[in-house]
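Everything below concerns the one structure shown next.
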There are 2 protein chains.
Amino acid sequence: MADQLQPPLTRIQQKNRDRILKGALSVFSTSGFRGATIDQIAEAAGLSKPNVLYYFASKDDIHKSLLTTLLDMWLAPMIRINPEGEPLEEVMAYVRAKLEMSRRFPRESRLFAYEILQGAPHLTEILGGGLRDIVDRAATILQGWMDQGRLSPVDPHHLIFSIWALTQHYADFDVQVRAVLGPGHDPFVEAGPFLDNLYRTMLHV
Amino acid sequence: MADQLQPPLTRIQQKNRDRILKGALSVFSTSGFRGATIDQIAEAAGLSKPNVLYYFASKDDIHKSLLTTLLDMWLAPMIRINPEGEPLEEVMAYVRAKLEMSRRFPRESRLFAYEILQGAPHLTEILGGGLRDIVDRAATILQGWMDQGRLSPVDPHHLIFSIWALTQHYADFDVQVRAVLGPGHDPFVEAGPFLDNLYRTMLHV
DNA sequence: CGTGATCCTGACCATTTGGTCAACAAAGGA
DNA sequence: TCCTTTGTTGACCAAATGGTCAGGATCACG
């Protein structure tokens, strides 16, 4: 389990690995793992297929690398919940951060959605491990606030699920949302006040 | 656009088409369209691959058939919203029906999730057509109730999105929800009161 | 029964796709 | 400059996969 002493990446390695991951994010997030081909990734990255496989051992390797790299970014807002802060504002800040991430990084959201739908074959250990710890920490903080009467009491885990569901929905189901709303709408802009109102009314003591 | 006069299905056709669709639902909902193979579907249906292709022209055909067949069932609860009913109870009944569908038909939920994630290649005309009409009708009813002061005013479209997101999340992200909650939890059972409380507090005048 | 329609399958095909490899090109340090 | 390391690719392979087809089995019905 000790970290391998990796030789530092060369300039070219840095650049090309980056291009591959960027291209792969684009392809995986639109077609899913099975639907994506190394050829597509190579083209999106502007490299030849064998060259892609020079930097990553396999398609699986690219996918796993993407997921683990992005997971940190994805969970960051939850870690930033501050137990010393004002309860309602902390929750609202998390909701806003999560919605903003869905707006700015919809491909990342879809990448995770595909992975979870599939049964999370590449994330099983993380799901029951690190993720659960992070969520439990947040749930404990929320529960504490509720016990102090500073937040309306609800199940903290399901509160967190609701935030995930409501914010990621706008990224993952983007086409459906836009098809139903029709042109002239910005789903993310409209969702802001809606979610704000929803969580304020539900959690206000 | 006129309906073709189809010869009635024989007993065997009825049975085998049914088995294929059942098997395909299972396979598509766990692997997505591209991840599913006709061989897997055939095995799940207990038929040989050529026999599957005797009943359906192509893999695409099976998939499209599944989606259109299931879409009606999926939208049924929304159509049942009754403008003459008691507003809050109508909404709560819809929420409960949708959660119950996620619980009983998680595979159907995931099938749609995959399709939307993919950009809904097989549902584009339905999304902007029939679905939009159904949603708009429901949104109009909700808006009417809000205008009458019988429901707290919120954006009706986003209210509907929120119900979809919150209920389908438990089916689509099942592994994640269970991994976070740990053993000894029934997410669907816990979600019931949570959603009940959420919508009552948000919509109660 | 008989016979036409329906049903079923082993064998096969073309294409796609993940991945390999030998050989060649470019960097880069001494 | 030379030579080792690093980077790149065309050609290739084996497996998987969507789909076809000729022919055989079974069914329904007069």
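These values consider heavy atoms only, across backbone and side chains, with no hydrogens, waters or symmetry-generated copies. Chain letters run A, B, ... following the sequence lines, proteins first and then strands; every chain starts at 1.
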Report task. Between dT6(C), dT6(D), dG19(C), spot the one nearest the side chain of Gln13(B), thanks. Result -> dT6(C)
Requested in this report: Confirm from the modelled atom types if Lys49(A) and dG19(C) form a donor-acceptor pair under 3.5 Å, side chain to base only.
Outcome: yes
Report summary line: The nucleotide from dG18(D), dG7(D), dG19(C) with an atom nearest the side chain of Ile38(A) is dG19(C)
Query raised in the report: Over how many whole Å does the gap from Ile20(B) atom CD1 to dG18(D) atom P extend?
Result: 14 Å
Requested in this report: Can you tell me the distance, in whole Å, between the CD atom of Gln14(A) and the C1' atom of dA27(C)?
Outcome: 17 Å
Query raised in the report: When all nucleic acid strands are considered with a 4.0 Å heavy-atom cut-off, which category describes Ala42(B): base, sugar-phosphate, or nothing?
Result: nothing
Query raised in the report: Do Arg96(A) and Met92(A) have side chains that get closer than 4.5 Å, going by heavy atoms?
Result: yes
Requested in this report: Verify the contact: side-chain N or O of Tyr54(B) to OP1 or OP2 of dC7(C), cut-off strictly under 4.0 Å; return yes or no.
Outcome: yes
Query raised in the report: Under 4.0 Å between a side-chain N or O of Tyr55(A) and OP1 or OP2 of dT8(D)?
Result: yes
Query raised in the report: If you count the non-hydrogen atoms of other residues, nucleotides and ligands that lie under 6.0 Å from CZ in Arg104(A), is the total more than 12?
Result: no
Query - For atom CZ of Phe56(A) and atom C1' of dG18(C), their distance in whole Å - result: 16 Å
**Report entry** Residue Pro50(B), side-chain atoms from C-beta onward, closest of dG10(C), dG19(D), dG10(D)
**Finding:** dG10(C)
Query raised in the report: Taking atom P of dG18(C) as reference, at what distance in whole Å does atom NZ of Lys59(A) sit?
Result: 4 Å
Query - Between C1' of dT8(D) and CG of Leu47(A), the distance in whole Å - result: 10 Å
Query raised in the report: So Phe33(A) and His63(A), would you call those rings parallel, tilted or perpendicular, with 30° and 60° as cut-offs?
Result: tilted
Query - Euclidean distance, atom CD1 of residue Ile12(B) to atom P of dA5(C) [Å, nearest integer] - result: 16 Å
**Report entry** Whole-Å distance separating the CZ atom of Arg11(A) from the C1' atom of dT6(D)
**Finding:** 12 Å
Query raised in the report: Any side-chain N or O of Arg34(A) less than 4.0 Å from the OP1 or OP2 oxygen of dG18(C)?
Result: no
Requested in this report: State which of dA27(C), dT20(C), dT9(C) makes the closest approach to the side chain of Leu53(A).
Outcome: dT20(C)
Query - Phe194(B) ring center near His157(A) ring center (under 6.0 Å) - result: no
Query - 4.5 Å side-chain heavy-atom contact, Ile41(A) and Phe28(A) - result: yes
Query raised in the report: Has Asn51(A) got a side-chain N or O lying under 4.0 Å from the OP1 or OP2 atom of dG7(D)?
Result: no
Query raised in the report: Which one, dT17(D), dT17(C), dA27(C), comes nearest to the side chain of Thr37(B)?
Result: dT17(D)
Report task. Check the distance between dT8(D)'s C1' and Glu43(A)'s CD and give it to me in whole angstrom. Result -> 18 Å
Query raised in the report: Phosphate oxygens OP1/OP2 of dC8(C): is one of them under 4.0 Å from a side-chain N or O of Asn16(B)?
Result: yes
